[in-house]
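Everything numeric in this text was worked out from a predicted model, so none of it was measured.
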Amino acid sequence: MFSSFITFCSKFNSNIINLFLIHLTLASCNFLDTTNKNNSQLENWITLSLVTNYSYASDLQRSAREKIGILPSSVPGSETDSIALINLGNKLFRDNRLSSNHVQSCLTCHPIDGNAVGMDRQSTSRGTFGQLGKRNTPTILNVGFLPIIFWDGRRNTLYEQAIDPFVNPLEMSLPSETELLTRIQNDSSYTSFFANAFPDSPAPSIHSIRLGLVAFERSLVSKSRFDDFLESNVLALKTDELEGLKIFLDVGCTNCHDQNLLGGSKFAKLDTAHSYNANDFGRSEFTGNSADNFFFKVPPLRNVTLTAPYFHDGSVSTIKEAVRRMNHYNLNRTISNSEIDLLVSFLKTLSDKTKTN
């Protein structure tokens, strides 16, 4: 029976054999003095347990694929992004000389080196002169997949957004796009970067600056254990993580946190059961429509356990409290404290595998 079961499992995922052997070893330690009859019972129990667990995980995998979907390995549109263009964008992204007083770069608020996940973990970031920003800085990882940019959705594409931080008075505070271009034109260290990225038109321009930044940002694709689970490895998640995923799907979290980023594709009105920045009217400040008051982009949940604090004003410091507050939205049912713990276990599987939870 064992050999036939292993052959069956190996057709789906070789890792299940390792799980089988672990179960067998643990069980054997407790049944060292069993009779042949007990050995047969143990054999049947292990086989049934493994089949049941595998079937449960496989069903969840299928449901998650349908309700969430698989994240592509690269951002649409990045097919033509050359290494030279990405390198140019990386240089622009890290250059603090492109801020008003030469102390801040894009990397300041969106750190990506080491365990950093593309946001500075401040409630709201400070600009180049110490001025306090209005909203919490989101992670820049996977930003190329987003159809909505900024909390209020005032930009639809990375290309449109690329220059905004440089000329925003609350961020890098340059007086104009012309000043940005002038600084780059006067910096000889950029000459080879633009020449390599644009051999036919090497002179810097606002257009080529935008293209470089977009190419670099599109390269920041973050993959997680949840992706392993969705793509191929049905055993990638532990029992508590699977239980958390089941709750996530069952109670309707995907009503808002949908598609392969688990959010980022729509706007929702923030509940009023808790105190947030009452002076921030959200999307209506861009649209001018009072019906949009207190509507904000639903944040994508990838890397969410690494990107505290939470909400548009960064007022919630822990992921558990952030999940608890979601009870006030239109879920299919109220979630308990124990279920919140399981949901957090699942959310941790959304973290980039190269970072630390």
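- Contact between I206 and E177 at its shortest, heavy atoms only, is CD1-O, 3.6 Å.
- At a cut-off of 3.5 Å, with distance as the only test, a side-chain donor of S224 or D227 sits close to an acceptor on the other residue.
- Side chains of S189 and K91: a donor on one and an acceptor on the other come within 3.5 Å.
- A heavy-atom distance below 4.5 Å is not found between the side chains of L350 and T305.
- V167 is not listed as a side-chain neighbour of M172, based on a closest heavy-atom distance of 4.5 Å or more.
- A search for side-chain contact (heavy atoms from CB on, under 4.5 Å) contacts involving D113 returns R94, L107, not counting sequence neighbours.
- The side-chain heavy atoms of F166 and C106, taken from C-beta on, include a pair separated by under 4.5 Å.
- Side-chain atoms of N96 and S105 form no donor-acceptor pair, as typed in the model, at a separation below 3.5 Å.
- In this structure, a donor-acceptor pair under 3.5 Å is present between the side chains of N293 and S284.
- Taking every heavy atom of both residues into account, N168 and R154 meet most closely at ND2-NH2, 4.5 Å.
- Within the cation-pi definition used here (under 6.0 Å to the ring centroid, within 45° of the axis), R210 qualifies as a partner of Y159.
- Residue-environment remark: NZ (K269) stays at or below the threshold of 12 foreign heavy atoms within 6.0 Å.
- Cluster membership check: F150 shares its hydrophobic cluster with I163, using side-chain heavy-atom separations under 4.5 Å among Ile, Leu, Val, Met, Phe, Trp and Tyr.
- Annotation: side chain of L98 is in contact with side chain of L180 (closest heavy-atom distance under 4.5 Å).
- Atom CG in L146 sits 11.5 Å away from atom OG1 in T157 (nearest 0.5 Å).
- A tilted orientation is assigned to the rings of F93 and F216, their planes being inclined by 30° to 60°.
- Here the options are L235, L237, N53, the test is side-chain contact (heavy atoms from CB on, under 4.5 Å), and the partner is L242; only L237 passes.
- Put simply, the side chain of P309 does not reach to within 4.5 Å of the side chain of V316, judged on heavy atoms.
- Taking the six-membered ring where tryptophan is involved, the planes of W151 and F296 are perpendicular, since the angle between them exceeds 60° and thus also 30°.
- Under 4.0 Å is where a charged nitrogen must lie from a carboxylate oxygen, and between R333 and E339 at least one such pair does.
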>> One pair to check against side chain to side chain contact (heavy atoms under 4.5 Å, CB included): Q259 and L261. What are the steps and the verdict?
In response: CA-CA 6 Å; Q259 301 186 29; L261 290 180; 6.0 Å; no
> So E160 and I149, side chain to side chain contact (heavy atoms under 4.5 Å, CB included) or not? Walk me through it.
Replying inline: CA-CA 9 Å; E160 294 173 346; I149 311 296; over 6 Å; no
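- Here L343 contributes atom CG and R324 contributes atom CZ; the two are 14.0 Å apart, rounded to the nearest 0.5 Å.
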>> Walk me through whether T128 and N101 qualify under side-chain hydrogen bond (donor to acceptor under 3.5 Å, both in side chains).
In response: CA-CA 7 Å; T128 192; N101 60 357; 2.3 Å; yes
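- Atom CG of residue L88 and atom OG of residue S82 lie 9.0 Å apart, to the nearest 0.5 angstrom.
- Hydrophobic clustering (side-chain heavy atoms under 4.5 Å, transitive across Ile, Leu, Val, Met, Phe, Trp, Tyr) groups I68 together with L342.
- When every heavy atom of F294 is checked against every heavy atom of A278, the shortest pair comes out as CE2-O, 4.0 Å.
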> side chain to side chain contact (heavy atoms under 4.5 Å, CB included) between I319 and V304: does it pass, once the steps are laid out?
Replying inline: CA-CA 8 Å; I319 185 62; V304 66; 3.8 Å; yes
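- Within the 4.5 Å cutoff, the side chain of D341 has no heavy atoms near those of the D240 side chain.
- Cluster annotation: L347 is not connected to M119 through the hydrophobic network of ILVMFWY side chains, with a link wherever side-chain heavy atoms come within less than 4.5 Å.
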> Do L245 and F229 pass the side chain to side chain contact (heavy atoms under 4.5 Å, CB included) test, and can you show the C-alpha distance, the side-chain angles, and the key distance before you say yes or no?
Replying inline: CA-CA 11 Å; L245 170 59; F229 174 76; 3.7 Å; yes
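- Using a 4.0 Å cut-off between charged side-chain N and carboxylate O, D228 and K223 make no salt bridge.
- A heavy-atom distance below 4.5 Å is not found between the side chains of R225 and N233.
- The cluster map of Ile, Leu, Val, Met, Phe, Trp and Tyr, joined by side-chain heavy atoms under 4.5 Å apart, puts V298 and F346 in different clusters.
- H102 and R183 are linked by a side-chain donor-acceptor pair at a separation below 3.5 angstrom, with hydrogens and angles left out of the test.
- The distance from the CG atom of D313 to the OG1 atom of T124 is 8.5 Å, given to the nearest 0.5 Å.
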Donor-acceptor contacts under 3.5 Å from residues 132-145 side chains, at least two apart:
unit_1 : atom_1 : unit_2 : atom_2 : d
K134   : NZ     : E285   : OE1    : 2.4
K134   : NZ     : E285   : OE2    : 3.1
R135   : NE     : D280   : OD1    : 3.4
R135   : NE     : D280   : OD2    : 2.7
R135   : NH1    : D152   : OD2    : 3.1
R135   : NH2    : D280   : OD1    : 2.7
N136   : ND2    : Q122   : O      : 2.9
N136   : ND2    : S123   : O      : 3.0
T137   : OG1    : S125   : OG     : 2.5
T139   : OG1    : V117   : O      : 2.3
T139   : OG1    : L141   : N      : 3.1
N142   : OD1    : S222   : N      : 2.8

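- Contact record, K297 with F267: N-CD2, 3.5 Å, taken as the closest heavy-atom pair.
- Across all non-hydrogen atoms, the minimal contact from F129 to S100 is CZ-OG, 3.5 Å.
- In summary, the side chains of Y56 and E243 do present a donor paired with an acceptor at a separation below 3.5 Å, with no hydrogens or angles considered.
- Here the straight-line distance linking atom CD of Q61 with atom CD of E66 works out to 11.0 Å at 0.5 Å rounding.
- Checked against ring pair (Phe, Tyr, Trp, His ring centres under 6.0 Å), F311 has the following partners two or more places apart in sequence or in another chain: Y276.
- L92 and I83 fall into different hydrophobic clusters, where Ile, Leu, Val, Met, Phe, Trp and Tyr are joined by side-chain heavy atoms under 4.5 Å apart, directly or via other members.
- Of all heavy-atom pairs spanning L331 and M326, the tightest one is CD1-O, 3.6 Å.
- A distance of 10.0 Å separates CG of D258 from CG of L301, quoted to the nearest 0.5 Å.
- You'll find the side chain of K238 stays beyond 4.5 Å of the side chain of S345, heavy atoms only.
- Side-chain N/O atoms of S208 and S205 include a donor and acceptor closer than 3.5 Å.
- Look at R62 and D59 and you find a salt bridge, because one of the NZ, NE, NH1 or NH2 atoms lies within 4.0 Å of a carboxylate O, short of that distance.
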